[in-house]
Amino acid sequence: MEHKKRYTRLLETARGLGTAGDMDKYLQSILTAAAELTNSESAYILDFDEAAKQLAFSVVPWFHRDALLGVKIPLDGTAEGDVYTKCRSLIIGDASADIRHVRQIDRLAKIKTKSLLAVPMIFRGVASGVFEVRNKVDNGHYTEDDVAVLEMLAGLASMAMRNEILERRLQGSTNEISELDRLKNEFIAITSHELRTPLGLILGHATFLREMLGTEYNEQLDAIIRNATRLKEIIESLSNVDNYQSGTARLRQRRVSVGRVVDDVIASFHEMAKQKGVKLKKALDKTDLLVDADGAKIAIALSNLVKNAITFTDKGGQVLVKAELASGYVKVSVIDNGVGIPARDMPRVFERFFQVESHLTRRHGGMGLGLSVAKVMIEMHGGRIWAESVEGKGSNFTFVLPLNTSPVEKTTEQPFIT
Ligand code: ADP
């Protein structure tokens, strides 16, 4: 083959590496290119079989598939073994006179090997197999040019095979992760469901006892009721996320004034902020900020943000809740000048169970559920939530909800926090 044609053919084959969808087809096309470019009768790829410690034919031309695919060749005393162990190319000009030529191959494939060129397949400096061509046409001799061409094709083939292995491993890991995720979700769903009934009974009976018994036991019963209520909240948070993920969450949409939600939430955190010595302020747009939403759910989202802001702000600090109109959206921000969040943790703060500090060392309670619940509540409404934060300076959690533009209906009068 003339020089320019060879070059073009090589380029074509190299380009195929990036575009090939079917790896088997691509490897077959490399075999064909190898035979053509070296003027050989046929080409083969042998892989090293770790378990058998032998080489095995893994890619062969279709007409030798039945005879050769999977056939093993020992490393000792064979041409292919030599190439693999020494990691060096080898030309055999007269196979009939060379004891390293494995005659069994000729018998199985019904061929007569006269000449052979074999090169190692190397990936990151380690041999992974052997690429060989047999029988230069017209009884010619393999040249240094043939060696160079075959070495290049061997490089392409080993890269293609590596890609395939990596892709399969990646797919395997992805499947494993999604299966683990499914099991985790199923476990959470079953556990929270099973805990709900006994917990309801504990709460019911404790409340009953508190009414029946004298004030003498109030302290103990209050502790039971307080902690059981906390457990109930945790279970609610877990189910909220699950219901959303499984698509079973329901929205009770009404015309809602976001300003009122903010007022209610601020009022309910007044005491917590006061005790902590944190100033809790609000800044509301004068316009009516009306959205079609489930007010209770928006209140849960905002409460979780405000609670975090107070929790993670030191005494003397400030938390500001802002609600404003922003081109088709109502935008609510909870801005604090507290401890902030390290940049490396920012991408994960909305994940379920994620906490910046380890659960064992942190001073605050919580299970890393508040933000994931807030995210679910906002996204259920077609909104979006995000965070900006600078460690040591403070955080800004913002969500937007689509503004209602249809004619005004009755605004719900019930409080959003019960
Ligand atoms: P938790 O209820 O355990 O606090 P969240 O999902 O509400 O869980 O929050 C996850 C983590 O994000 C918190 O543990 C905290 O480390 C960090 N975080 C959330 N809000 C703030 C904030 N305003 N300032 C600093 N860190 C915050």
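Numbering of ligands and ligand atoms starts at 1, following listing order. Predicted, not measured: the structure shown is a model, and the values here were computed from it.
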Review point. Which atoms of ligand 1 are found less than 4.0 Å from any heavy atom of Ala309?
Key: 23 (N)
Check your understanding: Going by distance only, is there an N or O of Ser372 that falls short of 3.5 Å from an N or O of ligand 1?
Key -> no
Review point. Under 4.0 Å from ligand 1, counting heavy atoms only, is it the side chain of Phe354, its backbone, both or neither?
Key: backbone
Check your understanding: For ligand 1, is any non-hydrogen atom under 4.0 Å from Leu369's backbone (N, CA, C, O), its side chain (CB onward), both, or neither?
Key -> backbone
Practice item. Look at ligand 1 and say whether Phe350 reaches it with a heavy atom at a distance under 4.0 Å. Key: no
Review point. Is atom CZ of Phe353 surrounded by more than 12 heavy atoms (other residues, nucleotides or ligands) closer than 6.0 Å?
Key: yes
Exercise for review: Count the heavy atoms of every other residue, nucleotide or ligand shown that sit under 6.0 Å from CZ of Phe63, and state whether that count exceeds 12.
Suggested key: yes
Exercise for review: May I ask you to list the atoms of ligand 1 that are less than 4.0 angstrom from any heavy atom of Gln355?
Suggested key: 3 (O), 14 (O)
Revision key, fill the gap. So the atoms of ligand 1 within less than 4.0 Å of a heavy atom of Gly368 turn out to be 1 (P), 2 (O), 3 (O), 6 (O), 8 (O)
Review point. What atoms of ligand 1 come closer than 4.0 angstrom to any heavy atom of Val356?
Key: 14 (O), 16 (O), 17 (C)
Review point. Which word best sums up how the rings of Tyr84 and Phe48 line up, parallel for under 30°, tilted for 30 to 60°, or perpendicular for over 60°?
Key: parallel
Check your understanding: Is there a donor-acceptor contact under 3.5 Å from the side chain of Asn337 to the main chain of Gln318?
Key -> yes
Practice item. Salt-bridge test for Asp294 and Arg254: reply yes if a basic N is under 4.0 Å from a carboxylate O, no otherwise. Key: no
Review point. Polar-atom distance check: Val339 versus ligand 1, any N or O pair below 3.5 Å?
Key: no
Practice item. Using a strict cut-off of 4.0 Å, indicate which atoms of ligand 1 neighbour a heavy atom of Ile341. Key: 18 (N), 25 (C), 26 (N), 27 (C)
Practice item. If the plane angle is over 60° it's perpendicular, under 30° parallel, otherwise tilted; pick one for Phe350 and Phe397. Key: perpendicular
Practice item. State plainly whether the residues Glu12 and Arg15 are in salt-bridge range, i.e. N to O under 4.0 Å. Key: no
Exercise for review: Return yes or no for this condition: an N or O of Val349 is under 3.5 Å from an N or O of ligand 1.
Suggested key: no
**Study point:** Check ion pair Asp285-Lys322 (N to O, under 4.0 angstrom)
**Key:** no
